[in-house]
Amino acid sequence: MASVVVVGTQWGDEGKGKIVDLLTRYADFIVRFQGGNNAGHTLVVNGEKFIFHIIPSGILNEGKFCMIGNGVIIDPATLLEEIDELAARGLSVTADRLMISENAHLIMPYHKSLDHASEASLVRGKKLGTTGRGIGPCYMDKVGRCGIKVGDLLDPDLFVDKLRANIDEKNFLLTQKYGAEPVSLDEIRRAFEKFAERMAPFIGNVSVQLDRARKSGRNILFEGAQGTQLDIDHGTYPFVTSSNTIAGNACIGSGFGPAHIDSVIGILKAYTTRVGEGPFPTELPEGDLIGDQLQEKGGEFGATTGRRRRCGWLDGVVASDAVRLNGLTGLAITKLDVLSGQPKLKIARQYRVAGRVYDCMPGNIRETSRLEPVYEEVEGWVEDISGVRQLDDLPQKARDYIHLIEDMTGVEPAIVSVGPDREETLLLKNPFAKKQ
């Protein structure tokens, strides 16, 4: 039995969905523990693309039980749309394959209205780059103890009482502060009555079920969303998401004891990308030839928003931060194939600003915006590596690049991805394998 956490090491979009899909083969339970439908996991299976926003990507594997933990916030319309889309593609999602924590919070229509109105009110340069899906306002209500939980859907009177208590305040903010349209209590109530009917079979106590699974010797895989530098506490605040994205939240966001976690795999893209606003020290500016090549070859568009991802060289400082913050025991290096054909590659070892050197991301947002990366330059390779299935068959310079990442982070690679398809992945060390 093993419990493994998978997290992103950068600003998200590292390819977690594909790695989770790979490791799901060896897991019995797959648990999403934080975030909302502002994140997306893209998988390519037998040439067919799947995009998930809420449901764990492990659902594609037969015989696996997927869970949505209490740390996730759920837009019921999006969740049910995902279920219907999978059904249309021949993948049935039933209560014997998916459980939703009764303690997960619901994204309400007023959360999305407030999200759009708040972002629109900010001047250029101050915008956070929010997806407008109500994530921040929902987490604010959760912390403010006025949120509505998934389990409340099973008690219509309690749900309406909580809804009524929120509506007046939210409409005051929408109309008086932002000049936006109010929301209707009756319309929300009617819509959520229908959601409740469909969601009821899936609702349960994820923490209790996970404890039973652990005690019975089952393998458990915890699936995070976004990346380490988007963590609300440890990321490039305020250009972050509204939840904790690091590995420690796998326990909090699911109700699983931390002493039971066996390993943490960090997904590290072979270069760096970021969607939306915020600091990005190794960014190659739009119009830069190499940055445009990475963007085009890597298909760097947000799975959720479709926005163009900003591209840049691999940031070793960000990677080292992720090792420390997550307690990484292994790396999954993704999109190595995208670097094929680049004659020279760069990795940032440190930052410099105003004569001061940084070995970690500074907490002062003004300093982060002025950081200059200190690069180490290495030779690239020209070979197409998408057909490689053994590490030793990679070009020597590609192996040298992997070894440099290992040296820089102090963490061994467990997985190397050389293409988007499920089969284009080298599993070097299986975190679910029994320890000798």
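Starting from 1, each residue takes its place in the sequence as its number. Given the structure is predicted, the values throughout are model-derived calculations rather than measurements.
Looking at Asp384, its side chain does come within 3.5 Å of a backbone N or O of Ser386 through a donor-acceptor pair. The main-chain N or O of Leu339 is never found under 3.5 Å from a side-chain atom of Gln342 such that the two would form a donor-acceptor pair. No donor-acceptor distance shorter than 3.5 angstrom exists from the side chain of Lys177 to the backbone of Ser118, with no hydrogens or angles considered. A donor-acceptor pair is defined here as one N or O able to donate and one able to accept, closer than 3.5 Å; such a pair exists between the side chain of Lys64 and the backbone of Ala27.
The local environment of CD in Gln390 is sparse, with at most 12 non-hydrogen atoms from other residues, nucleotides or ligands closer than 6.0 Å. More than 12 heavy atoms of other residues, nucleotides or ligands shown are found within 6.0 angstrom of CD on Glu406. Environment of CD in Glu296: sparse, with no more than 12 heavy atoms of neighbouring residues, nucleotides or ligands closer than 6.0 Å.
Under a 4.0 Å N-O distance rule, the pair Asp421/Arg389 does not qualify as a salt bridge. Here Asp315 does not pair with Arg274 in a salt bridge; the nearest charged N to carboxylate O distance is not below 4.0 Å.
The ring-ring contact (aromatic ring centres under 6.0 Å, His included) analysis of residues 2-22, with sequence neighbours excluded, yields the pairs Trp11-Phe280. For residues 246-266, the pairs satisfying ring-ring contact (aromatic ring centres under 6.0 Å, His included) are Phe222-Phe256, Phe256-His260, with sequence neighbours left out. Within the structure, ring-ring contact (aromatic ring centres under 6.0 Å, His included) contacts touching residues 327-363 (residues at least two apart or in different chains) do not occur.
In this structure, Ala348 and Pro373 approach most closely via the heavy-atom pair CB-CB, 3.9 Å. Closest heavy-atom contact between Ile30 and Glu223: CG2-OE1, 3.7 Å. Lys397 and Gly380 make their closest contact through CD-O, 2.9 Å (heavy atoms, listed as atom of the first residue, atom of the second, distance). Closest approach of Glu82 and His53 over heavy atoms only: OE2-N, 2.6 Å. Nearest heavy atom pair, residue His234 against residue Gln229, reads O-OE1, 4.2 Å.
Residue Pro56 forms a side-chain contact (heavy atoms from CB on, under 4.5 Å) with just one option from Ile68, Asp21, Thr24, Val72, and that option is Ile68. For the side-chain contact (heavy atoms from CB on, under 4.5 Å) test with Val5, the passing option among Leu221, Ile220, Val264 is Val264; the others fail. The side-chain contact (heavy atoms from CB on, under 4.5 Å) with Pro76 is formed by just one residue from the set Ile100, Leu106, Val150, Ile54; it is Leu106.
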Report the C-alpha separation of Asn244 and Asp231 in whole Å, then their side-chain angles, then the decisive distance to 0.1 Å, and conclude whether the side chain to side chain donor-acceptor pair (under 3.5 Å) test is met. CA-CA 5 Å; Asn244 289 109; Asp231 187 275; 3.1 Å; yes
Check the pair Gln295 / Glu286 against side chain to side chain donor-acceptor pair (under 3.5 Å), numbers first and verdict last. CA-CA 10 Å; Gln295 195 275 328; Glu286 190 170 356; over 6 Å; no
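To the nearest 0.5 angstrom, Asn70 atom CG is 7.5 Å from Ser207 atom OG. To the nearest 0.5 Å, the span separating CZ on Arg356 from CG on Leu371 amounts to 10.5 Å.
Looking at residues two or more places apart in sequence or on another chain, you find a ring pair (Phe, Tyr, Trp, His ring centres under 6.0 Å) between Phe192 and Phe159, Phe195. Applying the salt bridge (Lys or Arg N to Asp or Glu O under 4.0 Å) criterion to Arg214, with sequence neighbours excluded, gives Asp211. Qualifying ring pair (Phe, Tyr, Trp, His ring centres under 6.0 Å) partners for Phe202, counting only residues two or more places apart in sequence or in other chains: none.
Figure legend: Arg32 and Phe52 shown without cation-pi pairing, the cationic atom not lying both under 6.0 angstrom from the six-membered ring centre and within 45 degrees of its axis.
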